[in-house]
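Comments concern the structure below.
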Amino acid sequence: MKTLQILFTVSMVLWFITEILYKNILKSGVNDKKDKDRSTLNILWMAIPASILSAVAASYLTKVPVSDEVWIYYVGTACIWIGIIVRFVIIRSLGKYFTVDVTIREDHRIKKEGFYRYIRHPSYAFSLLTSLGLGLYLNNWLSLILAFSIPFIAFSYRITIEEKTLIEQFGEEYLEYRRKTKKLIPFVY
């Protein structure tokens, strides 16, 4: 169990560092249409830390375990690591088109390959998987709800703004892509 606690701690530190790096490195450029964000980046930067802090606090203040078995900690840690690693791969696959703020690049195109073949927002989906992993690792129903629902609401708002921007930019091409894919969970939602 000690090794699992170390792995969890390392994953949380890695999650924090990667998000700080993304925020500072992957911003829109001077030639981009960047007036579309509508504060979604700021909302995410308030929602995610708030969800983490409230989930951790809830795990200390209440005792409503998801499971009495040790597997829950392994599943939680695995979700965190999968979320961090796959999100990194997705961000790399988008290359210069990935920005932390809702932005349209000068030569922007809609990516429809890889993960984007099945879901429109895989980066958000795997960020939410990381949040879900935190809630599972804390093994507390209230923590799980707080860890997942707060970022889910923030990402839902961001998806609405981002999709409106993409429809304005690409029109029918994006609407057709949207009809063929799901938002966050392949074949489901």
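In terms of heavy atoms, G133 sits closest to I80 at C-CG1, 3.7 Å. Nearest heavy-atom pair across Y157 and T40 is CE2-CG2, 3.4 Å. Closest approach of I84 to T130, counting heavy atoms only: N-OG1, 3.5 Å. Heavy-atom minimum distance, I150 versus S54: CD1-OG, 3.8 Å. Nearest heavy atom pair, residue I119 against residue P186, reads CG2-N, 3.4 Å. Considering all non-hydrogen atoms of both residues, I72 and L136 come closest at CG1-O, 3.3 Å.
Residue D107 places its CG atom among more than 12 non-hydrogen atoms of other residues, nucleotides or ligands, all under 6.0 Å distant. For Y116, the OH atom sits in a packed shell: over 12 heavy atoms of surrounding residues, nucleotides or ligands are nearer than 6.0 Å. More than 12 heavy atoms of other residues, nucleotides or ligands shown are found within 6.0 angstrom of CH2 on W45. Around the CZ atom of R92, the shell of radius 6.0 Å holds no more than 12 heavy atoms that belong to other residues, nucleotides or ligands.
E168 and Y174 are not linked by any side-chain donor-acceptor pair at a separation below 3.5 angstrom, with hydrogens and angles left out of the test.
At a threshold of 4.5 Å between side-chain heavy atoms, the hydrophobic network of Ile, Leu, Val, Met, Phe, Trp and Tyr places L61 and V64 in two separate groups. Residues I91 and I85 are members of one and the same hydrophobic cluster, defined by side-chain heavy-atom contacts under 4.5 angstrom among Ile, Leu, Val, Met, Phe, Trp and Tyr. No continuous path of ILVMFWY side-chain contacts below 4.5 Å connects L129 to Y118, so the two sit in separate hydrophobic clusters. Follow the hydrophobic side-chain contacts under 4.5 Å out from Y177 and you reach I185 in the same cluster. By the criterion of side-chain heavy atoms lying less than 4.5 angstrom apart, applied directly or through intervening Ile, Leu, Val, Met, Phe, Trp or Tyr residues, L53 is not grouped with F148; the two fall into different hydrophobic clusters.
N140 contributes atom CG, which lies 12.5 Å from atom OG of S67 (distance to the nearest 0.5 angstrom). Atom CG in L94 sits 10.5 Å away from atom CZ in R105 (nearest 0.5 Å). Between the CG atom in D37 and the OG1 atom in T99 there is a gap of 8.0 Å [rounded to 0.5 Å]. In this structure, S131 OG and I52 CD1 are separated by 6.5 Å, a value rounded to the nearest 0.5 Å. Between the CZ atom of R38 and the NZ atom of K164 there is a distance of 5.5 Å, given to the nearest 0.5 Å. One finds the OG1 atom of T62 at 10.0 Å from the CG atom of L138 (value rounded to the nearest 0.5 Å).
Between the T77 side chain and the Y74 main chain, no donor and acceptor come within less than 3.5 Å of each other. Between the side chain of Y137 and the main chain of A78, no donor-acceptor pair closer than 3.5 Å is present. Of the possible polar contacts, one joining the S143 side chain to the S59 backbone as a donor-acceptor pair under 3.5 Å is found. Judged purely by atom type and a 3.5 angstrom limit, K182 has no side-chain atom pairing as donor or acceptor with the backbone of R178. Checking side-chain atoms of D101 against main-chain N and O of T103 turns up no donor-acceptor pair under 3.5 Å. Distance alone, capped at 3.5 Å, is enough to place a donor-acceptor pair between the S93 side chain and the I90 backbone.
Ionic pairing of K112 and E176 is not present here: no N-O contact between side-chain nitrogen and carboxylate oxygen is shorter than 4.0 angstrom. The pair R120-E163 counts as a salt bridge, with a side-chain nitrogen and a carboxylate oxygen less than 4.0 angstrom apart. Note on K23 versus E19: no salt bridge recorded, every NZ/NE/NH1/NH2 to OD/OE distance being 4.0 Å or above.
Residues meeting the side chain to side chain contact (heavy atoms under 4.5 Å, CB included) test with E106, sequence neighbours left out: N31. Under the side chain to side chain contact (heavy atoms under 4.5 Å, CB included) criterion, V100 pairs with Y22, L26, K27, L41, F98, not counting sequence neighbours.
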Inset, instruction - Please report the C-alpha distance between L184 and I159 in whole Å, then the side-chain angles of each, then the deciding distance to 0.1 Å, and finally whether the side chain to side chain contact (heavy atoms under 4.5 Å, CB included) criterion is met. - result: CA-CA 10 Å; L184 295 168; I159 287 170; 4.0 Å; yes
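Taking the six-membered ring wherever Trp is involved, the centroid distance between the rings of F155 and F152 does not fall below 6.0 Å. Between F115 and F126, a ring centre-to-centre spacing shorter than 6.0 Å is recorded.
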Donor-acceptor pairs are to be reported for all side-chain atoms of residues 5-17 against protein atoms at under 3.5 Å, with residues two or more places apart or in another chain.
residue	atom	partner	partner atom	Å
T9	OG1	Q5	O	2.9
S11	OG	L7	O	3.3
S11	OG	F8	O	2.6

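Taking the side chain as every heavy atom from C-beta outward, H108 and F170 approach each other to under 4.5 Å. Residues L144 and W141 meet the side-chain proximity criterion, which asks for heavy atoms closer than 4.5 Å.
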